[in-house]
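Reading through the structure tokens given below for one structure.
Lettering follows sequence order; numbering is per chain, from 1.
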Number of protein chains: 2
Amino acid sequence: MITTVRRRARATAGPTARGDGAGATVGLGMLAELIGYHVRLAQMAVFADFERALGALSLSPGLFGLLVIVEANPGLRQTQLADAARLDRSTLVPALDKLESRDLVERRAAPDDRRSNGLFLTAQGATLLAQAKRAVRAHEKRIAAELGEGDRATLIELLDRLAPGGRRP
Amino acid sequence: MITTVRRRARATAGPTARGDGAGATVGLGMLAELIGYHVRLAQMAVFADFERALGALSLSPGLFGLLVIVEANPGLRQTQLADAARLDRSTLVPALDKLESRDLVERRAAPDDRRSNGLFLTAQGATLLAQAKRAVRAHEKRIAAELGEGDRATLIELLDRLAPGGRRP
DNA sequence: TATTGTTATACTCTATAACTATA
DNA sequence: TATAGTTATAGAGTATAACAATA
């Protein structure tokens, strides 16, 4: 299957189309030819919009991601969540502390293995997450508006080629 | 102009093609549908390869970027460099301290404005940067190998649509 | 008054190593 | 011995606010 890429429709508004800014006269050398450079800029822009969308709920992209994974996998163990979120299990601890202190997530002692905790969304957590997901869908729509549905799929496909499925080599 | 995207040629090696890993059974909920999620994974993969390529020279992507910009703009002022690199000028100070302590960059008092410093690569800085650029080109070739030249250009074009030219709104 | 570089400080994200309580 | 969660600690990376020197 072949996917086509639609070019932007000639400047959304007006001056917005210019690709420079404060440092217009400063050359970037080979930087602008590096995929990593463009990925980083895109990441900054996308995350900034995400924070703008979710700031009111005091949820960072990372915390939001944890809530989503816990919701999708009730009873998940901390180590499993850490793996899924690509965090060290020690990194997960303060994040869960934060979510638990806000009564969004609950650590329940696992019945079968007393070393483990099962993770669950609280009622409050489920409510907040529902709100957050609405905000995130709006955010996604906003940034995807620059692309259109076809190009969005293409972009994701190309990005996934850079990150080999998420395996740890 | 229409750009076509070539799909990957049926698994480079073998098991590498599988898209899961340790947390195979853990669902990600809506996460996998978010552009930001894929951008983040790509960013992590690309930066990890960059660090692997440049680690021997003890250059992070950030420091490498600063050297490249200084090389392309000899005599640049700190504030200008900060703008070009999208850093606060206070953030730039310790970075330049690091580069200067390693004798890679020099702050020269500007003749016309005694508040300002002009930034220059030292001879050592130029030598190291030349090495680094070779390593970065190899790195770029490596990650672009997953794409091919056409898809590489497409990816960059799509990413740039997410980051509005780099302007600060 | 405004700008340049600097300092002091703090916050986020992340990791490694070692500890504890289980298994 | 090995694993799950935790703690202590540290290191990037980044920012804001305030300051001295200079414009």
Side-chain angles (χ1 to χ4, degrees), chain A residues 22-23 26 36 40-41 43-45 47-48 50-51 54-55 58-66 70 75-102 105-120 168, chain B residues 22-23 26 36 40-41 43-45 47-48 50-51 54-55 58-66 70 75-102 105-120 168:
Chain A
V26 177
R40 175 172 158 262
L41 291 191
Q43 156 101 273
M44 286 173 56
F47 270 51
F50 189 103
E51 303 267 15
L54 273 271
S58 296
L59 277 186
S60 64
L63 293 184
F64 172 76
L66 294 181
V70 169
L76 201 64
R77 308 297 159 93
Q78 291 189 200
T79 299
Q80 295 177 303
L81 176 56
D83 285 349
R86 291 141 201 272
L87 297 174
D88 190 88
R89 66 200 207 278
S90 72
T91 304
L92 184 62
V93 173
L96 283 179
D97 290 348
K98 217 177 290 182
L99 294 175
E100 209 172 26
S101 77
R102 289 172 60 185
V105 161
E106 200 188 338
R107 288 161 160 123
R108 276 188 222 155
D112 56 306
D113 184 340
R114 287 190 316 194
R115 295 171 303 179
S116 293
N117 296 324
L119 300 172
F120 299 87
R168 312 222 175 93
Chain B
V26 178
R40 174 173 158 261
L41 290 191
Q43 156 100 272
M44 286 173 57
F47 270 52
F50 189 104
E51 303 267 15
L54 273 272
S58 296
L59 277 186
S60 65
L63 292 184
F64 172 77
L66 294 179
V70 169
L76 201 64
R77 307 299 158 91
Q78 289 188 200
T79 298
Q80 294 176 303
L81 176 55
D83 285 348
R86 291 142 199 269
L87 298 174
D88 190 88
R89 66 198 207 279
S90 72
T91 304
L92 183 61
V93 172
L96 283 178
D97 289 349
K98 218 177 289 184
L99 293 175
E100 208 172 26
S101 76
R102 289 172 61 184
V105 160
E106 201 189 336
R107 287 161 160 123
R108 277 187 222 158
D112 55 308
D113 184 340
R114 287 191 313 193
R115 293 171 304 181
S116 293
N117 296 322
L119 299 172
F120 299 88
R168 312 227 173 88

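- Per the geometry, CD belonging to Q78(A) stands 15 Å off C1' belonging to dT22(C), to the nearest Å.
- A 4.0 Å heavy-atom criterion places the boundary nucleotides of DNA chain D facing chain B at dG13(D) to dA23(D), written 5' to 3'.
- Residue S116(B) has no polar side-chain atom (N or O) positioned under 4.0 Å from OP1 or OP2 of dT3(C).
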(message) Pair V105(B), L66(B) - check side chain to side chain contact (heavy atoms under 4.5 Å, CB included), show working.
(response) CA-CA 10 Å; V105(B) 160; L66(B) 294 179; over 6 Å; no
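- Of the two residues contacting DNA chain D, namely P61(B) and G118(A), the nearest-nucleotide position lying further toward the 5' end is that of G118(A).
- Between R107(B) and the phosphate of dT6(C), there is a side-chain N or O to OP1/OP2 separation shorter than 4.0 Å.
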(request) Under the side chain to side chain contact (heavy atoms under 4.5 Å, CB included) rule, what do N117(B) and R77(B) come out as? Steps first, then yes or no, please. (result) CA-CA 6 Å; N117(B) 296 322; R77(B) 307 299 158 91; over 6 Å; no
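- Here dC11(C) presents its P atom at 16 Å from CD of E51(A), a figure rounded to the nearest Å.
- At whole-Å resolution of the value, CG in D88(B) and C1' in dT4(C) are 12 Å apart.
- Taking the nucleotide of DNA chain C with the nearest heavy atom to each of R114(A) and S90(A), the more 5' of the two is matched to S90(A).
- Distance CD/E106(A) to CG/L119(A): 10.0 Å, rounded to 0.5 Å.
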(message) For a side chain to side chain contact (heavy atoms under 4.5 Å, CB included) check, start with the C-alpha distance between L63(A) and S60(A), then their side-chain angles and the critical distance, and finish with the verdict.
(response) CA-CA 5 Å; L63(A) 293 184; S60(A) 64; 3.5 Å; yes
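- If you check every strand for non-hydrogen atoms under 4.0 Å, T79(A) touches sugar and phosphate atoms only.
- Using a 4.0 Å cut-off between charged nitrogen and carboxylate oxygen, R102(B) and D97(B) do not count as a salt-bridge pair.
- Between the CG atom of D97(A) and the C1' atom of dC13(C) there is a distance of 15 Å, given to the nearest Å.
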(request) For side chain to side chain contact (heavy atoms under 4.5 Å, CB included), just list the numbers for L96(A) and L81(A), CA-CA rounded to whole Å, side-chain angles, deciding distance to a tenth of an Å, and then say yes or no. (result) CA-CA 10 Å; L96(A) 283 179; L81(A) 176 56; 4.2 Å; yes
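- S116(A) OG to R108(A) CZ: the interatomic distance, rounded to the nearest 0.5 Å, is 15.0 Å.
- Going from atom CG of L92(A) over to atom C1' of dT12(C) covers 16 Å, rounded to whole Å.
- Comparing the helix axis at one end of the helix from dT1(C)-dA23(D) to dA23(C)-dT1(D) with that at the other, each defined from 5 consecutive pairs, gives an inter-axis angle of 10° (nearest 10°).
- Rounded to an integer number of Å, the gap from CG of L99(A) to P of dC13(C) is 11 Å.
- Within the 4.5 Å cutoff, no side-chain heavy atoms of R89(B) are placed close to those of D83(B).
- Atom CZ of F50(A) and atom CZ of R40(B) lie 11.0 Å apart (nearest 0.5 Å).
- In this structure, V93(A) and R115(A) both approach DNA chain D, and ranking their closest nucleotides by distance from the 5' end singles out R115(A).
- For the pair L96(B) CG and dT4(C) P, the interatomic distance rounds to 15 Å; values are reported in whole Å.
- Between R89(A) atom CZ and dA15(C) atom P the separation is 12 Å, expressed in whole Å.
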